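Following: one structure in structure tokens, then a few remarks.
As the structure lists them, so they are numbered: ligands from 1, and atoms in each ligand from 1. Every value quoted in this text rests on a predicted model; they were computed, and no experiment measured them.
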Amino acid sequence: MTPFKFSIAENPSAAIGLLSKNDRAAFLAGGTNILDLMKEQVANPTEIVDLGRLKLSSIIASATGISLGALAKNTETANHPIIRKDYPLLSKAILAGASAQIRNMASNGGNLLQRTRCSYFYDIAMPCNKRNPGSGCAAMEGFNRMHAIFGWSDKCVAVYPSDMAIALSALNASVKVMQTSGTERIIPFGDFHVLPKDHPEKDNSLNFGELITSIDLPKNNFAGHSAYVKVRDRNSYAFALVSVAAGFELQGNNIANAQIAMGGVAHKPWRATKAEAFLKGKPATKAIFTKAAELEMSTAKPLSHNKFKIEMGKQTLINAFELALKG
Ligand SMILES: Cc1cc2nc3c(=O)[nH]c(=O)nc-3n(C[C@H](O)[C@H](O)[C@H](O)COP(=O)(O)OP(=O)(O)OC[C@H]3O[C@@H](n4cnc5c(N)ncnc54)[C@H](O)[C@@H]3O)c2cc1C
Ligand code: SF4
């Protein structure tokens, strides 16, 4: 591990101030990702700015929705009574991730910013455009079973690993950020994570030094009909091969509104817009679910080792739709 200075921030402005003085500094929240990256020498910050004393751990409900503090823990968020009652999709997605011990440490802001689990990214002996821009992509011709089938580029085929973020995408969340100027900006969730294009070193639209202060969720009508389905190699400590977050608003047996996102298939949470548009106004039947899933998967572009994700994606979508219907 590269030696680093340890600084403690007392408030958000101080945290941003410390970071903007050193372009090789990094924030520390729960530490469950950044410390692993440092131990593997994938990340080599010369200064760590501890966010632990910032008062950003509240979860606050309002007339328009709920605000999740960036430093609230994943466990506390998943088990919060309002999240369990009004946003069960989010609770299920968080609880499908990692392990109880990791969720106890992991923060909401850190969860969004966790980096890809592409094994070549973690292996500093291998070329990787995300870790070392311009060095190449070992996964492109390598073992790319876990990798993307949507939205990849010839520079990077990695997938984004968070479960929580897939539910946040389906629920139309937004991310509140304090900029280095001290003013706030709000990033719609769909614009927060980015596709790799020519710059896979960039996972998201945050600028250096910006601090996530909260993740905000609007009210929704999905509480009775939502599902998170995660397909993985093991039942714990495994990232999604494919996952689906689905919320339905029903009118009788018809789907009035559907919000669906997929994980394990792209460099960012993949909003299943084709399936959403197809389902709207149609009866909630297996035949309609199957057509919607086929339509969504019809534009997938698999790599040499992950063609199975097309059928898996289709079946996971159908499964999630059926579970959401049951409630
Ligand atoms: C063995 C293992 C299994 C796992 N399995 C899963 C899984 O199945 N599903 C899943 O979704 N996740 C999984 N995870 C990942 C885990 O959820 C993340 O490591 C965790 O959510 C990161 O949160 P943290 O607070 O620890 O972040 P940290 O490691 O502290 O920080 C992560 C990044 O975010 C930055 N950061 C943190 N907070 C802020 C902020 N407020 N503003 C700006 N930047 C910030 C840090 O600088 C760092 O770059 C697993 C992790 C491990 C170790
Ligand atoms: S897929 Fe992305 S993260 Fe993996 S080796 Fe290629 S550039 Fe690196």
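Ligand 1 has Glu210 within reach: a non-hydrogen atom of the residue lies less than 4.0 Å from it. Heavy atoms of Ser99 come nearer than 4.0 angstrom to ligand 1 in no pair at all. Using a 4.0 angstrom heavy-atom cutoff, Lys155 counts as in contact with ligand 2. Using 4.0 Å as the threshold, Met38 has no heavy atom nearer than that to any atom of ligand 1. Residue Lys230 places a heavy atom less than 4.0 Å from ligand 1.
Residues Ser153 and Asp198 bring no donor and acceptor atom of their side chains to less than 3.5 Å of each other. Side-chain atoms of Asn306 and His147 include no donor-acceptor pair closer than 3.5 Å. Using modelled atom types and a 3.5 Å distance limit, the side chains of Tyr160 and His267 yield no donor-acceptor pair. In this structure, a donor-acceptor pair under 3.5 Å is absent between the side chains of Ser174 and Asp216.
For the pair Asn204 and Val194, the minimum side-chain heavy-atom distance is 4.5 Å or more. For the pair Leu171 and Phe189, the minimum side-chain heavy-atom distance is 4.5 Å or more. At a threshold of 4.5 Å between non-hydrogen side-chain atoms, the residues Val231 and Met312 count as touching. Counting only heavy atoms from C-beta outward, the side chains of Leu18 and Asn22 never approach each other to under 4.5 Å.
Residue Leu51 touches ligand 1 through its side chain alone, judged by heavy-atom distances below 4.0 Å. Only the side chain of Ile102 comes within contact range of ligand 1, with a heavy atom under 4.0 Å; no backbone atom does. Contacts with ligand 1 closer than 4.0 Å are made by no heavy atom of Ala43, backbone or side chain.
A distance-only check finds no donor-acceptor pair linking the side chain of Asp191 to the backbone of Pro188 [under 3.5 Å]. Proximity of a side-chain donor or acceptor of Arg234 to a complementary backbone N or O of Tyr237 within less than 3.5 Å is detected.
Note on Leu279 and Leu323: separate hydrophobic clusters, where clusters join Ile, Leu, Val, Met, Phe, Trp and Tyr whose side-chain heavy atoms are under 4.5 Å apart, directly or indirectly. Residues Leu54 and Val175 do not share a hydrophobic cluster, clusters being chains of Ile/Leu/Val/Met/Phe/Trp/Tyr side chains in contact below 4.5 Å.
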Exercise. Can Asn172 and Arg271 be said to form a side-chain hydrogen bond (donor to acceptor under 3.5 Å, both in side chains), step by step?
Worked result: CA-CA 10 Å; Asn172 284 347; Arg271 196 66 187 253; 2.7 Å; yes
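With sequence neighbours excluded, the residues that form a side chain to side chain donor-acceptor pair (under 3.5 Å) with Asn108 are Asn74, Thr77.
Here the options are Gln114, Lys130, Lys268, the test is side chain to side chain donor-acceptor pair (under 3.5 Å), and the partner is Asp203; only Lys130 passes. Each of Ile16, Leu19, Leu211 was evaluated against Thr180; a single residue qualifies, Ile16, per the side chain to side chain contact (heavy atoms under 4.5 Å, CB included) test.
When only interatomic distances are considered, the shortest N/O to N/O separation between Ala29 and ligand 1 falls below 3.5 Å. Checking only distances, Leu211 never comes within under 3.5 Å of ligand 1, N or O to N or O. Ligand 1 has an N or O atom lying under 3.5 Å from an N or O atom of Gly30, backbone or side chain. Of the polar atoms of Ile34, at least one N or O is found under 3.5 Å from an N or O of ligand 1, judged by distance alone. For a threshold of 3.5 Å applied to N or O pairs, the pair formed by Ile212 and ligand 1 contains at least one separation below that value.
Among protein atoms, those of element N, O or S found less than 2.8 Å away from atom 4 (Fe) of ligand 2 are Cys118 SG.
Against a heavy-atom cut-off of under 4.0 Å, Asp36 is close to the following atoms of ligand 1: 53 (C). Ligand-side atoms of ligand 1 in range of Ala98: 4 (C), 5 (N), 6 (C), 7 (C), 8 (O), 9 (N), 13 (C), 14 (N), 50 (C), range being under 4.0 angstrom from any heavy atom. Using a 4.0 Å cut-off to heavy atoms of Ser162, the atoms of ligand 1 that qualify are 11 (O). The contact set between ligand 1 and Gln114, taken as ligand atoms under 4.0 Å from a residue heavy atom, comprises 10 (C), 11 (O), 12 (N), 13 (C), 14 (N), 15 (C), 17 (O). Heavy-atom contacts of Arg117 reach the following atoms of ligand 1: 51 (C) (cutoff under 4.0 Å).
Looking only at heavy atoms of the protein, atom 27 (O) of ligand 1 is closest to Gly110 CA, 3.4 Å. Among protein heavy atoms, the minimum distance from atom 28 (P) of ligand 1 is reached at Gly31 N, 3.5 Å. Protein heavy atom in closest approach to atom 10 (C) of ligand 1: Asp163 OD2, 3.5 Å. Among all non-hydrogen protein atoms, the one lying nearest atom 18 (C) of ligand 1 is Thr32 OG1, 3.4 Å. Atom 25 (O) of ligand 1 has as its closest protein heavy atom Ser107 OG, 2.6 Å. Scanning the protein heavy atoms around atom 47 (O) of ligand 1, the nearest turns out to be Phe27 O, 2.5 Å. Atom 13 (C) of ligand 1 has Phe239 CE2, 3.3 Å as its closest protein atom, hydrogens excluded (heavy atom only). Given atom 45 (C) of ligand 1, the protein heavy atom at minimum distance is Leu113 CD1, 3.4 Å.
For Glu10 and Arg53, the salt-bridge test passes: some basic side-chain N is under 4.0 Å from an acidic carboxylate O. Glu47 has no carboxylate O lying under 4.0 Å from a charged side-chain N of Arg24, or vice versa, which leaves the two without a salt bridge.
Phe150 and Trp270 have parallel rings, their planes meeting at less than 30° on a 0 to 90° scale where 60° marks the start of perpendicular.
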